[in-house]
Amino acid sequence: MVTAPEYDVLIVGAGPAGSACALALAGSGLRVGLLDKACFPRDKVCGDAIPGPTLKALARLNPLYAEELRQLTRPHRTDVCISRLVSPQGQQMRVSWQAPAFNSPRLHFDEALLTLVRRHTAAEIRENSPVKKVVATATGVVVTLADGRVLSARLVIGCDGANSVVGRCLVPHPLNRQRHCAAVRAYYQGVTDAPETTSDFLFLRRYRAGYCWVFPVGSGLYNVGFGMLSEDIARGKVDLKLVLSELLNTHPDLATRFRHARQLGPVQGFGLPLGGSRRPLTGPRALLCGDAAALIDPLQGHGIDKAVISGILAAEHARRCCQAEDFSPASLRKYAVAVDQRFGSELRFRYGLMRWLARAPWVVEAAFRLSRWPWLQRRLVRAVG
């Protein structure tokens with residue numbers, strides 16, 4: 001006698017992609033499990049920028065989700081409406097954004113999203129449940145946790161980040177340093193000349209395929225970091241933590257602003273698998289979302305919006321597969337097609353543009369000069385999203 005899987009859909013990872021997926025499965029009638037290796041609230045090393053499309057995607061699911069998320073994050077966020085960009089030669093461009101966006105430490109943002117899952121879904125949430133192994137069988141997926149417990153499902157959705165266990169076990173893909181970035185960040189207080197409505201992006205002469213950022217995250221706290229292509233890091237043997245320290249002490253736009261700033265906690269690193277690579281997003285009884293699916297914007301470095309949207313798309317396809325009892329490769333591949341239709345051409349264009357700009361720094365300076373004309377600035381902003 002074959003025992004039926006205890007879940008229809010098991011989501012691994014309760015960050016933005018996993019929580020959005022669980023929210024999108026609310027009311028489906030499916031038995032949904034949501035696992036995470038940590039106990040919430042937990043920190044997630046990131047730039048902490050929450051792009052406008054994140055709220056739009058949640059509002060399309062249910063207008064209450066976006067409103068509740070704003071309420072839950074209110075004490076721990078700052079609404080951002082301006083991006084200030086600084087070229088390698090010190091030229092500046094200010095861009096005002098119409099779409100609502102905010103910055104919030106992931107410690108609080110991810111906890112707020114998971115609170116929505118608790119409030120609005122019947123998903124069974126299992127925190128402190130790191131996954132050790134995932135195996136696909138003829139009837140489903142068997143997930144073994146680090147403590148030896150075994151769970152089963154008809155379908156698994158990997159939302160467990162850049163180092164996805166689901167991806168390694170069921171959708172293996174080698175690391176391509178040409179399509180991967182690494183970054184470091186730390187929190188600071190006491191930064192001067194840093195309005196809480198403005199996110200700063202500083203492009204550097206020496207490290208072209210990357211940038212330094214100063215993002216306000218509310219209550220006088222700033223997320224400060226630096227990231228670049230992993231290929232260039234390996235080639236130049238770059239110590240990211242050392243570079244960040246040097247920038248804050250010597251960069252003309254940063255040194256005076258950070259002279260009396262105080263660092264809170266350690267400098268921490270994280271990986272960013274860049275989108276647009278056509279890497280596989282499906283495997284036997286498995287779908288990948290968010291960072292696990294390499295959906296990071298190559299030009300801007302953010303991915304929370306794409307994590308949320310891909311989680312929602314995965315939920316739609318999980319419903320279809322479960323209703324049709326069809327978990328064949330052809331059926332699952334429809335999810336990858338949907339993701340590619342939604343993001344593929346955009347991410348491929350931005351990756352190509354990022355590589356081109358890194359090879360042609362004069363173009364960057366020319367773009368900053370042209371941005372002095374408002375109508376040209378609007379065209380440039382559309383090109384980079």
Side-chain angles (χ1 to χ4, degrees), residues 46-54 80 82-88 91-99 101 103 162 176-185 198-215 223 225-233 240 270-279 290-291 293-310 339-340 342-371 376-385:
C46 175
D48 295 340
I50 315 299
T54 307
V80 176
I82 297 172
S83 291
R84 186 177 75 100
L85 292 77
V86 181
S87 80
Q91 298 185 81
Q92 293 192 21
M93 179 195 310
R94 290 179 181 270
V95 180
S96 297
W97 300 103
Q98 299 301 319
N103 297 341
N176 181 352
R177 294 185 185 277
Q178 293 182 340
R179 290 186 174 271
H180 187 276
C181 281
V184 293
R185 74 98 165 101
T198 302
S199 289
D200 286 353
F201 300 79
L202 295 91
F203 301 96
L204 310 169
R205 184 174 301 152
R206 182 177 177 186
Y207 307 105
R208 295 174 185 172
Y211 64 85
C212 177
W213 68 84
V214 180
F215 293 170
N223 181 315
F226 167 68
M228 59 184 291
L229 268 182
S230 295
E231 178 185 44
D232 293 346
I233 294 172
L240 297 181
F270 58 106
L272 298 160
L274 302 181
S277 63
R278 298 185 187 273
R279 65 184 290 177
D291 289 7
L295 295 178
I296 298 291
D297 186 307
L299 202 58
Q300 300 182 46
H302 63 66
I304 291 177
D305 54 338
K306 292 169 181 60
V308 166
I309 295 169
S310 63
V339 172
D340 189 68
R342 180 66 178 80
F343 300 123
S345 60
E346 169 191 337
L347 292 175
R348 286 188 286 275
F349 169 75
R350 292 185 184 179
Y351 177 80
L353 182 59
M354 180 270 291
R355 296 303 299 247
W356 181 60
L357 292 174
R359 292 193 297 269
W362 64 270
V363 176
V364 177
E365 298 299 336
F368 272 80
R369 287 193 294 272
L370 291 172
S371 71
L376 277 174
Q377 184 186 96
R378 288 193 294 270
R379 288 178 177 270
L380 291 168
V381 168
R382 288 194 198 100
V384 301

Exercise for the section: Can you see which heavy atom on Gly290 is nearest to which on Ser310, and at what distance? Expected result: N-OG, 3.0 Å
Exercise for the section: Taking the side chain as every heavy atom from C-beta outward, state whether Asp232 and Tyr207 have any atom pair closer than 4.5 Å. Expected result: no
Handout entry: Side-chain heavy-atom pair Tyr351, Gln178 within 4.5 angstrom cut-off
Key = yes
Fill in the blank from the handout: dist Arg185:CZ -> Trp213:CH2 (nearest 0.5 Å) comes out at 9.0 Å
Practice task
Please report the shortest heavy-atom distance between Met354 and Pro298, naming the atom on each side.
Solution key: CG-O, 3.7 Å
Handout entry: Gap between atom CG of Leu85 and atom CE of Met93 - 0.5 Å precision
Key = 6.0 Å
Exercise for the section: Kindly compute the distance separating CD1 (Ile309) from OG1 (Thr54), expressed to the nearest 0.5 Å. Expected result: 7.0 Å
Problem - Minimum side-chain heavy-atom gap Phe203-Pro88 below 4.5 Å - result: yes
Handout entry: Residue pair Pro51 / Gln300, side-chain heavy-atom distance below 4.5 Å
Key = no
Handout entry: Residue pair Val86 / Asp200, side-chain heavy-atom distance below 4.5 Å
Key = no
Exercise for the section: With the side chain counted from C-beta on, respond yes when Val364 and Arg208 share a heavy-atom pair under 4.5 Å apart, and no when they do not. Expected result: no
Problem - Atom pair CZ (Phe270) and SG (Cys181), whose distance is rounded to the nearest 0.5 Å - result: 9.5 Å
Practice task
Ignoring hydrogens and angles, state whether a donor on the side chain of Ser277 or Asn176 is under 3.5 Å from an acceptor on the partner side chain.
Solution key: no
Completion exercise
Closest non-hydrogen atoms of Gly52 and Ala101, given as atom of the first, atom of the second and distance, are N-CB, 3.8 Å
Exercise for the section: Check whether any side-chain heavy atom of Leu295 sits under 4.5 Å from a side-chain heavy atom of Val339, and report yes or no. Expected result: yes
Practice task
Supply the atom-to-atom distance Leu229 CG to His180 NE2, rounded to the nearest 0.5 angstrom.
Solution key: 10.5 Å
Fill in the blank from the handout: For Arg179 and Gly276 the tightest heavy-atom approach is NH1-O, 3.4 Å
Exercise for the section: Using a strict 4.0 Å threshold on nitrogen-to-oxygen distance, state whether Asp340 and Arg348 make a salt bridge. Expected result: yes
Exercise for the section: Answer yes when Glu365 and Arg369 have at least one side-chain N-carboxylate O distance shorter than 4.0 Å, and no when they do not. Expected result: no
Problem - Side chain to side chain, Asn103 and Asn223, heavy atoms closer than 4.5 Å - result: no
Fill in the blank from the handout: Gly301 and Leu272 have their tightest heavy-atom pair at O-CD2, 4.1 Å
Exercise for the section: Taking all non-hydrogen atoms of both residues into account, name the closest pair between Ala162 and Gly271 and its distance. Expected result: CB-O, 4.1 Å
Problem - Under 3.5 Å: donor-acceptor pair, side chain of Asp291, backbone of Ile296 - result: no
Handout entry: Audit row: Met228, Leu204, side-chain contact (heavy atoms from CB on, under 4.5 Å) steps and yes/no
Key = CA-CA 10 Å; Met228 59 184 291; Leu204 310 169; over 6 Å; no
Handout entry: Distance in Å, Leu202 CG paired with Tyr211 OH, rounded so as to fall on 0.5 Å steps
Key = 11.0 Å
